[in-house]
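Structure record follows, encoded as structure tokens.
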Protein chains: 2
Amino acid sequence: MNVKDTKPPPGAIELERFLPYRLNVVAEAVSRALSRIYAERYGITVPEWRILATLGQYGRMTAKDIGAHSRMHKTKVSRAVAHLAGNGLVERMSNADDLRESYLMLTGDGQKVYCSIVPQAIEFAEGLFDGIPACDREMLERLLHQLEMRANQMSKEGE
Amino acid sequence: MNVKDTKPPPGAIELERFLPYRLNVVAEAVSRALSRIYAERYGITVPEWRILATLGQYGRMTAKDIGAHSRMHKTKVSRAVAHLAGNGLVERMSNADDLRESYLMLTGDGQKVYCSIVPQAIEFAEGLFDGIPACDREMLERLLHQLEMRANQMSKEGE
DNA sequence: GCGAATTAGTTACATTTGCAACTAATGAAC
DNA sequence: GTTCATTAGTTGCAAATGTAACTAATTCGC
């Protein structure tokens, strides 16, 4: 009998079914598996990949908007952008209307890297859903959305 | 029109529906919200909470097993345990049959802290599911399990 | 317009993390 | 039994992260 099959004592949490724990474990496993695609071949970190993906999708954005959209702290964005710019994958264009901010976009090289990662990332994400019917995927999307809303709401409620 | 409603260019990933990204964002939002319960009141970190929760459920375990079970690196476990032991929440009992390892368990204080967190954590997790029917919760559990299996498998496949 | 408050982004510092090297103990080969 | 390989756990070190302080630019109040 596997230890995981034992019932927890009364008044304890069964961690294997505790959603916050489950979400974190799964998210980390998925993230780790995905990172193999871009980390080994291109030496790109997770925050860097997020920025590439955001710019690849939206074309041009400020650092602030990237942070807000991809839920990353501004210092994380700042450093990842600095690194990507140093590697010639991202370029900055200052905004003449507001010199505090810069627009960021992929360079030609950045586009190339992004475009070579995308099909593999999509294939990976598809592979995750292997054997899962489409209606379940939609349900998962909906559930994740609700959970995120609830979590953010409950986080605020505690002031 | 919200920027999120715009279609991504062809050959790009729509990040809002990209599962690895979604999972991470939701997991982090949930984890952050939950940590309010134990971080502010008891000054406990996420890894420490995981150890408390594992010991609270299983009663007595080695550091290695805690790491394997809660998916934490052994150095993370080692340091979190050291801190918990320093605060008198966890105690070590060396195993006479194998002096390399120690059994870890909650102290009386550790039990108290754990037991005072549990109801709030359960209430929090229940709150996340507000308005979500029970059958959907079960589906979510199943889906998360499948995704984790698939991710670990795909991670291994890349050697 | 002018000074105070705000904002985008960077940098300094302290904390956290992961990897690699290590120690101490056990097991395996012979 | 002695040597070699493996294992549990800790520690040194470098990289990553978050908080707070900072700079430079903009906006608000008047």
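All chains are named by letter (A, B, ...) in the order of the sequence lines, taking the proteins before the strands, and each is independently numbered beginning at 1.
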Of the options dG18(D), dG9(D), dT10(D), whose atoms approach the side-chain atoms of T75(B) most closely?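 Among dG18(D), dG9(D), dT10(D), the one nearest the side chain of T75(B) is dT10(D).
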Hey, mind stepping through R22(A) and E141(B) against salt bridge (charged side-chain N to carboxylate O under 4.0 Å, His left out) and telling me if it holds? CA-CA 8 Å; R22(A) 290 293 300 140; E141(B) 273 183 35; over 6 Å; no
[X] and [Y]: which non-hydrogen atoms are nearest, and at how many Å?
| X | Y | value |
| --- | --- | --- |
| F18(A) | A125(B) | CE1-CB, 3.6 Å |
| I37(A) | F124(A) | CD1-CB, 3.8 Å |
| L106(B) | E91(B) | O-OE2, 4.3 Å |

On DNA chain C, does the nearest nucleotide to V81(A) precede the nearest nucleotide to R100(A) from the 5' side, or the other way round? Give the residue.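 First, find each residue's nearest nucleotide; the 5'-ward one identifies R100(A).
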By nearest nucleotide on DNA chain C, pick out whichever of T62(A) and D98(B) is the more 5' one.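 Result of the comparison: T62(A).
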Could you state the atom-to-atom distance from [atom1] of [X] to [atom2] of [N] in whole Å?
| X | N | atom1 | atom2 | answer |
| --- | --- | --- | --- | --- |
| L99(A) | dT10(C) | CG | P | 14 Å |
| H83(B) | dT10(D) | NE2 | P | 15 Å |
| H73(B) | dA15(D) | NE2 | C1' | 14 Å |
| K76(A) | dA8(C) | NZ | P | 20 Å |
| R32(B) | dT19(D) | CZ | C1' | 12 Å |
| R71(A) | dT17(D) | CZ | P | 18 Å |
| M72(A) | dT17(D) | CE | P | 10 Å |
| I51(A) | dA16(D) | CD1 | P | 13 Å |

Whichever of N95(A) and R92(B) has its nearest DNA chain D nucleotide further upstream toward 5':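 It is R92(B), whose closest nucleotide lies nearer the 5' terminus.
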H69(A)-E16(B) side chain donor-acceptor pair, cut-off 3.5 Å: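 Present: a donor and an acceptor within the cut-off.
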So what does K74(A) touch, heavy atoms closer than 4.0 Å: a base, only the sugar-phosphate, or nothing?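 Base contact.
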Quiz item: R79(A) side-chain donor-acceptor pair to dG9(C) base, under 3.5 Å: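 No such pair is found, so the answer is no.
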